Amino acid sequence: MHPRDLSSHTAYEAGRGIEEVARELGMEPDSLVKLASNENPLGPSPAAVEAIREYADRVHSYPKASHADLTAELAERWSLSPGQVWLANGGDGALDYLARATLDPGDRVLVPEPGFAYYGMSARFHHGEVATYPVSKAEEFEQTAEKILADYDGDRIVYLTSPHNPSGSEIALSEVEELAEHTGEDTLIVVDEAYGEFSDRPSAVSLVETRDDVAILRTFSKVYGLAGLRLGYALVPEAWADAYARVNTPFAASEIACRAGLAALSDTEHVERSIAVAHDAREYLYEQLDAPTWESAGNFVLAEVGNASRVATALQERGIIVRDCTSFGLPECIRITCGTEEETRRAITECNEVLREL
Ligand SMILES: *Cc1c(COP(=O)(O)O)cnc(C)c1O
């Protein structure tokens, strides 16, 4: 007895964890600065932490009311109906629901390269085929409908990431609309806005209101600082509302996740502070890092450092964990998450020293 043929499936490579690196280097976790996974350097919203404590003694019950409450709150915020909000176990879980709801075996999806690995993984789990379109470094990671359409061949799902991970580039709303106009009736455009809060541009949710072929992905892992809780959602066309009940893993978002999510949504001070910290850090990185960077709309900056693997290893020995982008197909780039002012300044100082020495 064996699992099915998984040879075309790739394993997800997460950014390295603090505890993992600390153990390997024999250092204290607290002495390390982790800027590898685009987490919130301020930690979770204090209101969310309080909600987690408050609801700890209710976890013997299935999260029915909390699920409905969070769905209703999100629906109101986005001016959609509750059926259009698909809560999930992280944004990744929401990607799975979209794949489950759309893909028949052998259907092809189109994903950005470089890009977020889970789009392709999720499609393959659901017996889909994966093709790529370039988000090219030579073209400043520019994203347009025309460029994507050059590789489009009737794909069932086209994934867009805006702000794009790992480059930080964006796609204009008008380009998303043009892409949706020029793709077939059976094509869903998924706009992944995991970093949407850090951008000054409007969400593509306006297209969900007016069209039946655009869905949005959002998460509590980034600006809300709840990556460890696993909470995200998709916003889907009105006509899709009843598909959720047919594809979702029951109670995919836990009682604690829903309660913490509700608390985090109302903690606007934490959200605003998190965005301000990221904006400041981006500026320090552009100005002070002795390496070319790209303007980013996310809470991270991509930098060209030569040999990314060597630079990331040398930085790690100095207690700074960044993302070596070799696995993204960018072996000359590292991605540095926006830290607190102190963390970001320390990362810049160490990185500049490493660049001088190598
Ligand atoms: C972080 C991230 C997500 C979602 O992550 P979850 O923790 O599963 O919510 C989705 N897309 C991109 C591009 C991301 O960077």
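In listed order, ligands and their atoms are each counted from 1. Each residue takes its place number in the sequence, starting with 1. Predicted model only: the values in this text are computed from it and were never measured.
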Ring geometry between Phe125 and Tyr118 (parallel below 30°, tilted from 30 to 60°, perpendicular above 60°): perpendicular
Salt bridge (Lys or Arg N to Asp or Glu O under 4.0 Å) against Glu343, all qualifying residues, sequence neighbours excluded: none
Phe251 and His67 aromatic ring geometry - parallel, tilted or perpendicular at 30°/60° bounds: perpendicular
Pairwise, report which nitrogen or oxygen atoms of ligand 1 are under 3.5 angstrom from protein nitrogen or oxygen atoms, and how far apart they are.
from: ligand 1; atom 1: 7 (O); to: Ser221; atom 2: OG; distance (Å): 2.7
from: ligand 1; atom 1: 7 (O); to: Arg230; atom 2: NH1; distance (Å): 2.7
from: ligand 1; atom 1: 7 (O); to: Arg230; atom 2: NH2; distance (Å): 3.4
from: ligand 1; atom 1: 8 (O); to: Gly91; atom 2: N; distance (Å): 3.2
from: ligand 1; atom 1: 8 (O); to: Asp92; atom 2: N; distance (Å): 3.0
from: ligand 1; atom 1: 8 (O); to: Asp92; atom 2: OD1; distance (Å): 3.2
from: ligand 1; atom 1: 8 (O); to: Asp92; atom 2: OD2; distance (Å): 3.2
from: ligand 1; atom 1: 8 (O); to: Arg230; atom 2: NH2; distance (Å): 2.7
from: ligand 1; atom 1: 9 (O); to: Gly91; atom 2: N; distance (Å): 2.6
from: ligand 1; atom 1: 9 (O); to: Thr219; atom 2: OG1; distance (Å): 2.5
from: ligand 1; atom 1: 9 (O); to: Ser221; atom 2: OG; distance (Å): 3.2
from: ligand 1; atom 1: 11 (N); to: Asp192; atom 2: OD1; distance (Å): 3.4
from: ligand 1; atom 1: 11 (N); to: Asp192; atom 2: OD2; distance (Å): 2.5
from: ligand 1; atom 1: 15 (O); to: Asn165; atom 2: ND2; distance (Å): 3.0
from: ligand 1; atom 1: 15 (O); to: Tyr195; atom 2: OH; distance (Å): 2.6
from: ligand 1; atom 1: 15 (O); to: Lys222; atom 2: NZ; distance (Å): 3.0

Closest non-hydrogen atom pair between Ala291 and Val305, with its separation: CB-CG1, 4.2 Å
Side chain Arg218, main chain Gly232, donor-acceptor under 3.5 Å: no
Ser169 side chain vs Phe141 backbone, donor-acceptor pair below 3.5 Å: yes
